[in-house]
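As structure tokens, the structure follows; a few thoughts come after it.
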Amino acid sequence: MKLQQLRHFLFVVEEGGFRVAANRANRTQAALSASIKELEKTLDQRLFESGNKATLTPFGESCLPKIQQFISVYQAFEEDLRATAAGDKGKIRIASVPSLVTKLLPSVLVAYSKKYPDIEIVLIDDNAVGVANRLLTGEVDLALGNCTSINQTDIDFTPLISDPIGVVCLKSNKLNNESSQSQGLKWQQLMAEPFIYNGTCRLLENTPAEVLNRKARYTVENITSLFSLLRNDLGITTLPKLAFPSNEPELVWLNLLDPSLNRQIGIFKLANKTISPPAQAFYELCVTYVQEHYLL
């Protein structure tokens, strides 16, 4: 029994005759009749009464709802597979550093969800190392962050944004003055302040400012805890600009002039591994969106 034969059967019923059904099937009437006869032979029962009136036999009447149901289910199945292949349905898993979850990703997700409303999105925020590990273990399809902690041979990395590193302190701190606001700060100016080490301070390594990491009084990984220490005047820290809240009332972000550092933010996936169509669609949309809306 072939799918095409079942469809030909429904065409004859729906069109009320073999000639019109043949036109709809883009077949000759003889070819359509042969298809129906082959189906009847397989079932060992006639589906239509003799003649060309397309009148169903009692057996044909009993088969009609079953065949309609089967074709309907098959069409839905076919459409679902095509939608998944086109990236219109499915699920994607994305890991991101927290600063992008709060600033960059929401805008990208809005644009993506409008274009692909039926895609389920699982979003996980983690530090740079955690994001990398989740990607390498296959827990997520895509990751966003800086790729300094990942072997370049393991990933395909596409840069999105160059994120400058700055100093974060209380607005009342003496470091916050007209000069630092307009020109920035040098690492030597930070030596007299208690330093709070956070995960992004790894970016200071292999620079003269690495001495700040070695003299750190506090080590904090959680961003909420970090800002709590900063607001309680327990020290200063360095952070990428994207990691600093836009409307922070008590703290200030000041550019680190010397050394001048930037965190290269990008989207990455495993090398030599095909990702799902929905994930590929997100990857492409994210790159395009950032190119159009953000300065690299």
After noting the C-alpha distance and the side-chain angles of Arg263 and Leu242, does the key distance pass the side-chain contact (heavy atoms from CB on, under 4.5 Å) rule?
CA-CA 10 Å; Arg263 175 180 65 161; Leu242 280 174; 4.0 Å; yes
Residues 177-186 vs side chain to side chain donor-acceptor pair (under 3.5 Å), sequence neighbours excluded, gives Asn176-Gln181, Asn177-Ser180
Beyond-backbone contact of Glu221 with Asn127, side-chain heavy atoms, under 4.5 angstrom
yes
Spacing of Leu257 atom CG and Gln189 atom CD [to the nearest 0.5 Å]:
8.5 Å
Do Val73 and Ile67 belong together in a cluster built from hydrophobic side chains that touch within less than 4.5 Å?
no
Leu203 and Pro240 have their tightest heavy-atom pair at CD1-CG, 4.5 Å
Group every Ile, Leu, Val, Met, Phe, Trp and Tyr by side-chain heavy-atom contacts under 4.5 Å, then state whether Leu56 and Val20 land in the same group.
no
Residue set satisfying side-chain hydrogen bond (donor to acceptor under 3.5 Å, both in side chains) with Ser96, at least two apart, ordered chain then number -> none
Pairs in or reaching into residues 133-142: which pass salt bridge (Lys or Arg N to Asp or Glu O under 4.0 Å), with residues at least two apart or in two chains?
Arg93-Asp141, Asp126-Arg134, Arg134-Glu139
For Arg27, salt bridge (charged side-chain N to carboxylate O under 4.0 Å, His left out) partners two or more places apart:
none
Ile267 vs Phe157 side-chain heavy atoms within contact, under 4.5 Å
no
Could you tell me which residues satisfy salt bridge (charged side-chain N to carboxylate O under 4.0 Å, His left out) with Glu248, sequence neighbours excluded, listed by chain and number?
Arg231
Return all side-chain donor-acceptor pairs below 3.5 angstrom for residues 275-285, not counting sequence neighbours, or 'none' if the list is empty.
residue	atom	partner	partner atom	Å
Ser276	OG	Ala279	N	3.3
Gln280	OE1	Lys269	NZ	3.3
Gln280	NE2	Glu284	OE2	2.9
Tyr283	OH	Thr158	OG1	2.4

Heavy-atom donor-acceptor pair, Asp118 side chain to Gly90 backbone, under 3.5 Å
no
Share the residues that join Phe244 in a hydrophobic cluster, the rule being Ile, Leu, Val, Met, Phe, Trp or Tyr side chains under 4.5 Å apart at the heavy-atom level.
Val168, Leu170, Ile196, Tyr218, Val220, Ile223, Leu226, Phe227, Leu229, Leu230, Leu234, Leu239, Leu251, Trp253
Say whether Gln264 and Ser162, considering side chains only, have a donor N or O and an acceptor N or O under 3.5 Å apart.
yes
After noting the C-alpha distance and the side-chain angles of Asp125 and Val97, does the key distance pass the side-chain contact (heavy atoms from CB on, under 4.5 Å) rule?
CA-CA 5 Å; Asp125 65 317; Val97 293; over 6 Å; no
On the 0 to 90° scale, with breaks at 30° and 60°, tag the Phe77-Tyr74 ring pair as parallel, tilted or perpendicular.
tilted
Would you say the ring centers of Phe11 and Phe18 fall short of 6.0 Å from each other?
no
Is the NZ atom of Lys41 crowded by more than 12 outside heavy atoms at less than 6.0 Å?
no
Mind checking the NZ-CG spacing from Lys273 to Asp156? Nearest 0.5 Å is all I need.
12.5 Å
For Gln5 and Ile36 the tightest heavy-atom approach is O-CD1, 4.3 Å
Do you reckon Leu100 sits in the same ILVMFWY cluster as Val110, going by side-chain contacts under 4.5 Å, direct or chained?
no
What residue pairs, at least two apart or across chains, pass ring pair (Phe, Tyr, Trp, His ring centres under 6.0 Å) with a residue in residues 19-41?
none
Using the test salt bridge (charged side-chain N to carboxylate O under 4.0 Å, His left out), find all partners of Glu78 that sit at least two apart in sequence or belong to another chain.
Arg7, Arg82
Rounded to the nearest 0.5 Å, the CG atom of Leu270 sits from the CG atom of Leu135 at a distance of 4.0 Å
Counting only heavy atoms not in Asn232 (residues, nucleotides, ligands), do more than 12 fall under 6.0 Å from its CG?
yes
How close do Cys169 and Asn173 get, heavy atom to heavy atom, and via which atoms?
SG-CB, 3.8 Å
For the residue pair Phe268 and Leu144, what are the closest heavy atoms and their distance?
CE2-C, 4.2 Å
Report the distance from atom CD of Glu205 to atom OG1 of Thr207, rounding to the nearest 0.5 Å.
9.0 Å
Look at the side chain of Asp258 and the backbone N and O of Trp187, then say whether any donor-acceptor pair between them is shorter than 3.5 Å.
no
Hey, does the side chain of Ser228 reach the backbone of Thr224 with a donor-acceptor pair shorter than 3.5 angstrom?
no
Using the side chain to side chain contact (heavy atoms under 4.5 Å, CB included) criterion, which residues pair with Thr102? Sequence neighbours excluded.
none
Min side-chain heavy-atom separation Phe59-Leu43 under 4.5 Å:
yes
Atom pair OG1 (Thr55) and CG (Leu47), whose distance is rounded to the nearest 0.5 Å
13.0 Å
Can you find a heavy atom in the side chain of Ile71 that is under 4.5 Å from one in the side chain of Leu6?
yes
Examine Val12 and Met1 and state if one hydrophobic cluster contains both, with Ile, Leu, Val, Met, Phe, Trp and Tyr joined whenever side-chain heavy atoms are less than 4.5 Å apart.
yes
Between Tyr197 and Arg202, is there a side-chain heavy-atom distance shorter than 4.5 Å?
yes
Minimum side-chain heavy-atom gap Phe9-Ser35 below 4.5 Å
no
At what distance, to the nearest 0.5 angstrom, does CD1 of Ile165 lie from OG1 of Thr200?
6.0 Å
If the condition is side chain to side chain contact (heavy atoms under 4.5 Å, CB included), which residues does Lys91 pass it with, not counting sequence neighbours?
Glu120, Val122
Contacts of Glu38 that satisfy salt bridge (charged side-chain N to carboxylate O under 4.0 Å, His left out) - sequence neighbours left out:
none
Kindly give the heavy-atom pair with the smallest separation between Ala243 and Ser99, and that separation in Å.
CA-CB, 3.4 Å
Side chains of Leu123 and Leu105: closer than 4.5 Å at any heavy-atom pair?
yes
Nearest heavy-atom approach of Lys215 to Glu193 is NZ-O, 3.0 Å
Between Arg24 and Glu15, does a side-chain contact (heavy atoms from CB on, under 4.5 Å) hold up when you go through it step by step?
CA-CA 9 Å; Arg24 179 176 170 183; Glu15 301 298 337; 3.0 Å; yes
Run the side-chain contact (heavy atoms from CB on, under 4.5 Å) test on Gln45 and Thr57 for me, step by step, so that the C-alpha distance in whole Å, both residues' side-chain angles and the decisive distance to 0.1 Å come before the verdict.
CA-CA 9 Å; Gln45 288 283 346; Thr57 64; over 6 Å; no
Could you tell me whether the side chain of Thr237 reaches within less than 4.5 Å of the side chain of Cys201, counting heavy atoms only?
yes
